[in-house]
Amino acid sequence: METILTYEAAYNELAQIAREIENESVSVDVLAEKVKRASELIVFCQTKLKSTETEVNKIIAQMEGSKPK
Amino acid sequence: METILTYEAAYNELAQIAREIENESVSVDVLAEKVKRASELIVFCQTKLKSTETEVNKIIAQMEGSKPK
Amino acid sequence: METILTYEAAYNELAQIAREIENESVSVDVLAEKVKRASELIVFCQTKLKSTETEVNKIIAQMEGSKPK
Amino acid sequence: METILTYEAAYNELAQIAREIENESVSVDVLAEKVKRASELIVFCQTKLKSTETEVNKIIAQMEGSKPK
Amino acid sequence: METILTYEAAYNELAQIAREIENESVSVDVLAEKVKRASELIVFCQTKLKSTETEVNKIIAQMEGSKPK
Amino acid sequence: METILTYEAAYNELAQIAREIENESVSVDVLAEKVKRASELIVFCQTKLKSTETEVNKIIAQMEGSKPK
Amino acid sequence: MMPDLNYIKLSDLNRQIEEIITQNFGGRMFWVVGDVTNHTHKHEKNYHYFDFVEKDPYSNGIIAKISASAWGIGSEKIYNFETVTGQKFTNNINVLLLVSVQFHSIYGFKLNVIDIDANFTLGVLEQQRQATLSRLVAENPGFIQKAGDQYYTKNNRLNHKIVIQRIALITSQTSAGGEDFRHTLDSNPHGYKFQIDDYFTVVQGENNAELLVAKIIEVFNSQIPYDAVVIIRGGGAQTDFLLFDDYNVGRAVARFPIPIITGIGHQKNETITDLMAHSPTKTPTKAAEFIIAHNKQFEENLLLFQKNIVIKSQQFFSYYFQKLASLNSLIVNNSRNIIAHNKDGLVEINQITINTSKSIIFNRRSELTAMASQLASKPKIIVYNRLADIKNIAENIKTFNAQYLKNQRSYLGHYVSLINLMSPKNILKKGFAIIKVNNEIISNPDGIKVGNEIDIILAETQITSTVKDKTTYNGNDFNV
């Protein structure tokens, strides 16, 4: 279950987005999308940190549904 | 027209027009037309930036609002 | 005549006449004719320039009016 | 005679006569005749100049009148 | 005789006679005759010159009279 | 005899006699004869010279009299 | 109360014990070898209290134990020992002590330290510990290496998961340490949730090493992807930790594939287990705090990303708005420049056309005027010169005539002189005479003979005479 989105994967993706925004290599066209994704990843990690396994599973199920890929 | 235009493309076209006008390589015959196009592109870019900003601010507000403290 | 004349072409012809007159390489026999042509071209260019200026100023005014601050 | 004479041609002939007289290479037998011709040419050139001037001044007056400031 | 005589020819003949007398290449037998001829030529040349002068002066006077100033 | 004699011929004959007398190849008897001839020639030449001078002076006087000043 | 029983008071017994001890040990001192455990040092009084023990060299089991203390001279000796050897007087050192035996009615038996042999530096415990460590390194090169004072094991070379949330806890069921650990985790102020699986075992008594190893293996066999394994042992005497110096425990910890965090609960020593584990901490609470801090670090990184993204996004917009604005003003200004330049250009061309046209006409007129005045003056000069020429020639003719006639006259004059000179009339005037014979002028005397009649003609006179004589005359009188 965590294999789909681990803390590590979330962290790396987040770091990548932060770097891109930092480097101004994100175009205006996708900025909102990138920030949205970052926000989801942060919320995911924080929620997961502070939730029991059951709660986490629920969140992941929701996120998987809405994740843009 | 703007529907299929990206910010990136609009900005590049705008920068190209600005360069041409700066180099005075635009003839008086087409100057008005170029300025008109530039004006449209600026409006487009501003609108796009504004909407992106609003969207991003909304995401950020949500992010900060939902931040567990 | 002016209908198919571009500002560019008119200006170039004008500059050519001005050069000839400046070099005094215009004979008295055609001087009046050249000055007449120059006068027509100047009027044409001024008119064209004026209309371009008006148009450009209108666009710029609109641009500044609609500028989001 | 003057109708088909250009200023340029008249001036050149005049200059030629003036040169000959200056060099005293004109015989006394034709001196009067040459001076007569020169006199006619001078009158022709002056007339032509005068008319050109009038015409040019008229055009210039129009030009200055219409000059945008 | 003088009607077909040019100033130029008269002057040359006169100069020739003067030279001959100077060189003493004229015999005493024809001296009087030569001097007579010289006298006639002098009168001819002077007359011709005088008339040319009058004519030239007239032309010049006309020219200056009509000169636009 | 003198009527057909020219100054030129007389002078030449005189010169011839003078040369002969100077050469002293002339006998006293011939000498007397030659001297007699020479005397006649001299008188002729002097007369001719005188008359020519008179004539020439007359022409010159006329020339100067009629000279336009 | 059992009044008829023969008893004595404890104080009497203690006095008798004291008498015997004093009799046997009073004033005597002994050099004794043993290990120090449970050592405490009261700094303010400079008292050392500890248990002096002897261990079986093979089993590591304790075979003798007595309380001991040092103060006064003894403490000074210990201080000297520490200074000389650089070895702190502490647990697990094997020492040679000079002691006296004391018995106190209240405090009981005790050894009083009088001196310590500084040459006997390392305790046997430490020797054993070192031996165990050496053996671990020697026998398990695949997952234990030593570099300097550091031990590198498979376990401590692992990276912690970025978040430690699922934990296998190895502890004793009754351990206060386990409770401390759990409590600390559960009451973390950040709201982090943990999932802790208990693996109970006996974590004291050095003979229970095999049980601990079995638990570690059980964790491995569970196949559960734990983020970390925590080994906790709280409370108890120092001797209770010998279990964690066990070879097999150290080996199992060193090779374990999940990072092991220890919180063995001692303050003064580091066990072999600690050395082999990933993250040794001093206490169960510290172990829990370590995990919380680790997760907190992660969350802080997340918040840092968030902060950077927020700040950068805002900068991003102001930067882009600025870029747009600068393009905008560039276009506006330069458009105006283009128009202004063209206007200037037209004005300039206009000026050139106006001024230069006029100057062309002016120049042409000046040329014409110059030529006209040249024409007005030059012909007069020509005529004047010609007239002068003519006059000159006339003068010449007059002059040459006069000269000519004068010359002719002078040529004639020359001949007049010559003829006069040669005229016979003039010759006779000079005294010469002409001889005539038969009325013929004779210049040759051969024809004249003596007796002939001759006429002598002089300048003014004629004489007729007869020849009387005839001689030759040399004529030398007139030679010049």
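Proteins come first, then strands; the chains are lettered A, B, ... in the order of their sequence lines, and each starts at number 1.
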Among residues 51-60 of chain C, residues within the sub-4.5 Å heavy-atom range of chain D, in order of number, are none

Report task. For atom CD of C:Glu33, decide whether the heavy atoms of other residues, nucleotides or ligands shown that lie under 6.0 angstrom number more than 12. Result -> no

In terms of heavy-atom pairs under 4.5 Å with chain D, the winner among C:Val28, C:Leu31, C:Leu49 is C:Val28

The reported gap from CD in D:Gln62 to CD1 in C:Ile42 (rounded to nearest 0.5 angstrom) is 12.5 Å

